[in-house]
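Labels below follow one simple rule: chain letters A, B, ... track the order of the sequence lines, proteins then strands, and each chain is numbered from 1. Keep in mind that the numbers below use all heavy atoms, side chains included, and drop hydrogens, waters and symmetry copies.
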Number of protein chains: 2
Amino acid sequence: MISLKKVKQKICPVARKEMIVDAALEILASQGVASLTMDKVVAKLPCSKGTVYKHFSCKEDLLMGIGDKALTILIALFNRAVAFNGNSRERALAIHLSYLIYAILHHDLFQSVIAIKSPTVYNKASAEKLAKHERLENKLMAIMHKLIATAIENKELTNINKLNPQQISFALWSMNFGTIALLGEDVMQCEGRRGLEVEREYFNHNNILLDGIGWLPLQKDHDYRQSARKILSQLFSQEIALIAQSGRVLVF
Amino acid sequence: MISLKKVKQKICPVARKEMIVDAALEILASQGVASLTMDKVVAKLPCSKGTVYKHFSCKEDLLMGIGDKALTILIALFNRAVAFNGNSRERALAIHLSYLIYAILHHDLFQSVIAIKSPTVYNKASAEKLAKHERLENKLMAIMHKLIATAIENKELTNINKLNPQQISFALWSMNFGTIALLGEDVMQCEGRRGLEVEREYFNHNNILLDGIGWLPLQKDHDYRQSARKILSQLFSQEIALIAQSGRVLVF
DNA sequence: ACCTGAACACCGTTCAAGT
DNA sequence: ACCTGAACACCGTTCAAGT
């Protein structure tokens, strides 16, 4: 019998680590988080299971690697968004729109970051990978914290509840995350959700919440629908085009 | 060799179905959703795998059965909450507090309902079980819809955004769900979340949001902290005692 | 030293064999 | 007709054997 064994070959470890994450990402994108299998990852790779396990101590560790990639993409979007040329509330809206775009365009990555938050995953992953993920998450949140702190200083955010920037940032994140998690495409769409479109409700929730914390100008004094259109065309035309390719149009 | 085969025995199918769900529930409570295994369920049961599969076509179907139990508990809590003797915004607060209590007291059930919303589960479960689950979810949401519709009629909810009751109900649900999902006990608690307590932020978010949709009286005109205390002592003293048993105190 | 893949334990699901 | 549990396919993880 002819041996079909793969020939041993040394590759730069950093490059290989990236190859492994990329292979996992392909499976994630085409089959979803639940179908992500070490067997399938290895099948896409020019190396063996043992080698994959040298880079990632377990499946959960690999998921952390994917989550890091997700956060890196999101950080780039947030940074682009926060630079929008408008008032501070419009910049907050820009960040939120970038989060929605990310959730639609990379819904597999969005799912992977959710998965990471569950004990089954974070209890198994290595301390090193967990620390790295936390660093990235902090970097992401810092963008929002800074915008909020500045807005409070400039009296654009009246903050009637006297919450600190971290608390306000969390209120916004909870709302946005919850909306996408309950109305997103990967969620069971039962009768109770009929008539609700994630992008429209997301926009509504954003207005309600920013009014609720007293972020000026309030809805009644500003046309945020127009701001949203401006943000999308000025900052995210490329992403909107990609979303449009799947036959979907973002309307507010 | 002595045969250790279980002796065949007929049992009322309805009772057995409940026994199976209860066995699954025990595992869920002690080991979490991810550790729920058909093997473990069968081990707790006086019947075989084949019989379990006669009642539930697959693991996901069984999860739907658990989810139904979860919704039934939640519906009972909502009904108790909405009967609170106070203004309509206080009744909304009561419902939200009951949701938080449910998430803390039955966090395993909370997790199971989340799991059901993912495609891996709802795509595999039987149509019959899905329909039943949807019916229960509608029953749950109807409680909130009705309260909102009445509040709008009575001009207690000024609804400056002109959203329909379903949309408002979804805004509230998104916020509450998102807050628990991001700050709950089963979530990775990294540095960015330090200093945030789910019950305190949950209460803050609730106030911000209800102010945002103009549900009267606004925070500045009413002490909702006192309302919360009244609601908990009048309606949920039993649940609060159970939570206290695990060394936890709900403070607002 | 580094890499491979057979082997093991575990899990969901099926179905031939029992009563 | 109803129930059982061995058997199968699949998956995460390990490690003895190869180079």
From the list [options], which nucleotide is the closest neighbour of the side chain of [X]?
X	options	result
B:Lys54	D:dC3, D:dT13, C:dC3	D:dC3
B:Glu60	D:dC3, C:dT4, C:dT13	C:dT13
B:Tyr53	C:dG12, C:dC3, C:dC11	C:dG12
A:Lys49	D:dA6, C:dG5, D:dC11	C:dG5
B:Thr51	D:dT13, C:dG12, D:dT4	D:dT4
B:Cys47	D:dT13, D:dT4, C:dG12	D:dT4

Rounded to the nearest angstrom, tell me the gap between atom [atom1] in [X] and atom [atom2] in [N].
X	N	atom1	atom2	result
B:Leu36	C:dG12	CG	P	8 Å
A:Lys59	C:dC11	NZ	P	14 Å
B:Leu45	D:dG5	CG	C1'	15 Å
B:Asp39	D:dG5	CG	P	13 Å
A:Leu63	D:dT13	CG	P	12 Å
A:Met38	C:dC10	CE	C1'	16 Å
A:Phe56	D:dC11	CZ	P	20 Å
A:His55	D:dT13	NE2	C1'	16 Å

Between [X] and [Y] (salt bridge meaning N to carboxylate O under 4.0 Å), is one present in this structure?
X	Y	result
B:Lys117	B:Glu137	yes
A:Lys124	A:Asp61	no
A:Glu239	A:Arg80	yes
A:Glu134	A:Lys139	no
A:Lys129	A:Asp68	no

*Under a 4.0 Å heavy-atom cut-off, which of residues 117-126 of chain B touch DNA chain C?*
B:Lys124
_B:Ile27 and B:Thr37, any side-chain heavy atoms less than 4.5 Å apart_ = no
_When you measure from the side-chain N and O atoms of B:Arg16 to the phosphate of D:dC3, is any distance below 4.0 Å, counting only OP1 and OP2?_
yes
*Mind checking B:Thr37 for me? I need base, sugar-phosphate or nothing, with any heavy atom below 4.0 Å counting as a touch.*
sugar-phosphate
*Have a look at B:Leu62 and say if it touches a base, only the backbone sugar-phosphate, or nothing, with a 4.0 Å heavy-atom cut-off.*
nothing
*Residue that, paired with B:Thr179, satisfies side-chain hydrogen bond (donor to acceptor under 3.5 Å, both in side chains) out of B:Glu201, B:Glu199, B:His205, B:His96*: B:His205
*Whether A:Tyr99 and A:Tyr102 hold their rings parallel, tilted or perpendicular, with breakpoints at 30° and 60°*: parallel
_In dot-bracket form, 5' to 3', how is DNA chain C paired? Count Watson-Crick and G-U wobble pairs only if both distances fall under 3.5 Å, and write | where the partner sits on another strand._
||.|||||...|||||.||
*Please round to the nearest 0.5 Å and tell me the distance separating atom NZ of A:Lys146 and atom OG of A:Ser169.*
14.5 Å
*Under the 3.5 angstrom rule, does the side chain of B:Glu26 hit a backbone N or O of B:Lys44 as a donor-acceptor pair?*
no
*With DNA chain D as reference, determine whether A:Ser35 or A:Gly50 sits nearer its 5' end, using the nearest nucleotide of each.*
A:Ser35
